[in-house]
Amino acid sequence: MTHDDTAPVYGSAVTKVEPFGVDHIPDNERHGKPSSQFFVWFAAGLNFPIILLGFSAVGLGLSFGAAVAAIVVGAGLGSLLMAVMSRMGVRLGVPQQIQARGPLGFFGNFLPVAYINVFAGVGWAAVTVILGGKAISELTHLPFWVCGLALTLVELVVSIYGYNMINFLQRVLTYVLTPLFVMITVVALVRGAGTFDADPKAADYVGSTGGWITFGGWFLSFLVAWAPFASDYSRYLPDSPSVVKRTAWFTGLGNFVTICWLGILGVLLGSNATSTDSITALHQLTGPFAIPALIAVGLSALAQNFLNVYGGAISVQTLKVPVTRTQAVTLICALAYAISLWGHSGVEDKFSVFLNLTAYFIAPFATVLLLDYHLGGRSDPSRIAELYDRRRVLSWGFAAWVGGVLASVPFWQSDLYTGAFASAHPHAGDLSMWVAAGASAVLYLLTYRLRPLWTRDTPATAEPRPEKTAAVAGS
């Protein structure tokens, strides 16, 4: 599909279905303001899973002060990562998943994207449907499957409309959800939420240092899980130095404020929770204000899942699965809803397991992308065409990613698998992400100047050059 180089086919139209797939966004389609990134990520952060993480501080035996410090450090590091990766989208005009073809190779990118992006997109969408559906179910007394289905259908429609619709609704949801979560915060404080001291007798106590590392790591993991999608929501912004810089600031601020705010709120709620079910605990604590509190949780599921579903669909197309973006969105929603029906009981335990498993794989992935952008010359827009060149089958960044994952395995701490180092030294906390990122960084630095691992003389099927194509949803 070709178009007039001066007339946008999409522009800033909110009610028009996004016609672009995973291809480079041309200059004439660039639009919007950097401040849009604040609303995208602030609204996504106004979500109950963050409060859910805060509940865990009591179980780890941390003091209130230690828990707050861990949240601030974890959120700060994660927000910095999101800021840097978001500005990459402005500069290059392609999704983060496509950017990964640079250091990993066209086909070397398939495995990490299949696990990190598609699996994470479906998994996070399911977790959020569970929490939002349970809140609406408790509010309306309708069966969970009905409430979860209603949320999924809304997410389906909005994600099909795409980028502009999502940006518009994230701004609206910011204005709607902020006063509701302010109300939850005030009511929680008034009705008995409070601070607490360290408790070495807590069920999951692993020592003050290990518990602090693990707890802060969970909040970092929450933002690390967003990292493979960061550029997806900034790639339409005009590429100029001022826009790049301001995009980074707005992205980082939007993430940091909500993660810190709701994480600390979760710590306060957990100190007096009388139910092991987080939604029930919220209902009990907010008392007569439970209705607006549960409405907030239900609506916040939409703010997060618009991004999960849209990003997951882009990932499916990155894998060259022969489906349109609409079909990919439908597939992601169907899978997420099916998983939510299976996993809506005991979501707290499943959530922590899923959070760990995604972070272990995403941390080295993000490390390789960042190093390749800043050291490997990938920030040069003239090299964008390489991302669509199938002759670049496999590059050394893939080895760096695999090596980082494998190096972290002895340090894994999960109900599914606990590594040898973690078993022998539980008081060290969960070091898996740090080991994975460090190992992948070393491997990348040792190999990034080498020739690609596997190239073909001629591509089997050449993709169109991105700068000369207006990609349709099925491209």
So Phe222 and Trp124, would you call those rings parallel, tilted or perpendicular, with 30° and 60° as cut-offs?
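The rings of Phe222 and Trp124 stand perpendicular, inter-plane angle above 60°.
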Parallel under 30°, tilted from 30 to 60°, perpendicular over 60°: which one fits the rings of Tyr10 and Phe20?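 Tyr10 and Phe20: tilted rings.
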Quick check for you: to the nearest 0.5 Å, what is the distance between [X] atom [atom1] and [Y] atom [atom2]?
X      : Y      : atom1 : atom2 : answer
Lys320 : Phe107 : NZ    : CZ    : 9.0 Å
Trp261 : Thr185 : CH2   : OG1   : 5.0 Å
Cys333 : Leu331 : SG    : CG    : 9.0 Å
Leu265 : Phe181 : CG    : CZ    : 8.5 Å
Asp232 : Met85  : CG    : CE    : 10.0 Å
Leu81  : Leu223 : CG    : CG    : 8.0 Å

Any [X] side-chain heavy atom under 4.5 Å of [Y] side chain:
X      : Y      : value
Thr318 : Ile98  : yes
Val40  : Ile166 : no
Gln304 : Trp226 : yes
Leu104 : Val368 : yes
Phe289 : Ile184 : no
Leu302 : Glu155 : yes
Met88  : Leu370 : yes
Phe64  : Leu268 : yes

When you measure from the side chain of [X] to the backbone N and O of [Y], does any donor-acceptor pair fall under 3.5 Å?
X      : Y      : value
Arg30  : Val90  : yes
Ser340 : Ile130 : no
Tyr337 : Leu151 : no
Thr418 : Ser423 : no
Thr258 : Asn255 : yes
Trp401 : Phe361 : yes
Ser56  : Leu53  : yes
Ser231 : Gly89  : yes
Thr251 : Ala248 : no
Tyr388 : Phe106 : no

Of Tyr161, Tyr163, Tyr310, the residue whose pairing with Glu18 passes side chain to side chain donor-acceptor pair (under 3.5 Å):
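Option passing the side chain to side chain donor-acceptor pair (under 3.5 Å) with Glu18: Tyr310.
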Checklist line | Over-ring placement of Arg378 relative to Tyr373, 6.0 Å and 45° cut-offs | finding: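 No, Arg378 does not lie over the aromatic ring of Tyr373.
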Verify whether one side chain among [X] and [Y] offers a donor that lies under 3.5 Å from an acceptor in the other.
X      : Y      : result
Trp218 : Thr214 : no
Thr247 : Gln37  : no
Asn167 : Asn164 : no

Quiz item: Do Phe229 and Trp41 make the cut of ring centroids closer than 6.0 angstrom?
Solution: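 They do not qualify: ring centres at least 6.0 Å apart.
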message = So that I know where these two stand, are Phe39 and Tyr175 an aromatic pair - ring centroids less than 6.0 Å apart?
response =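 Yes; Tyr175 has its ring centre under 6.0 Å from that of Phe39.
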Checklist entry - Looking only at heavy atoms, what is the nearest atom pair of Val176 and Leu299, with distance? => result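 For Val176 versus Leu299, the nearest heavy atoms are CG1-CD1, 4.0 Å.
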Give me the atom names and distance for the closest heavy-atom approach of Ala336 to Ala125.
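Answer, listing the atom of Ala336 first, then Ala125: CB-CB, 3.6 Å.
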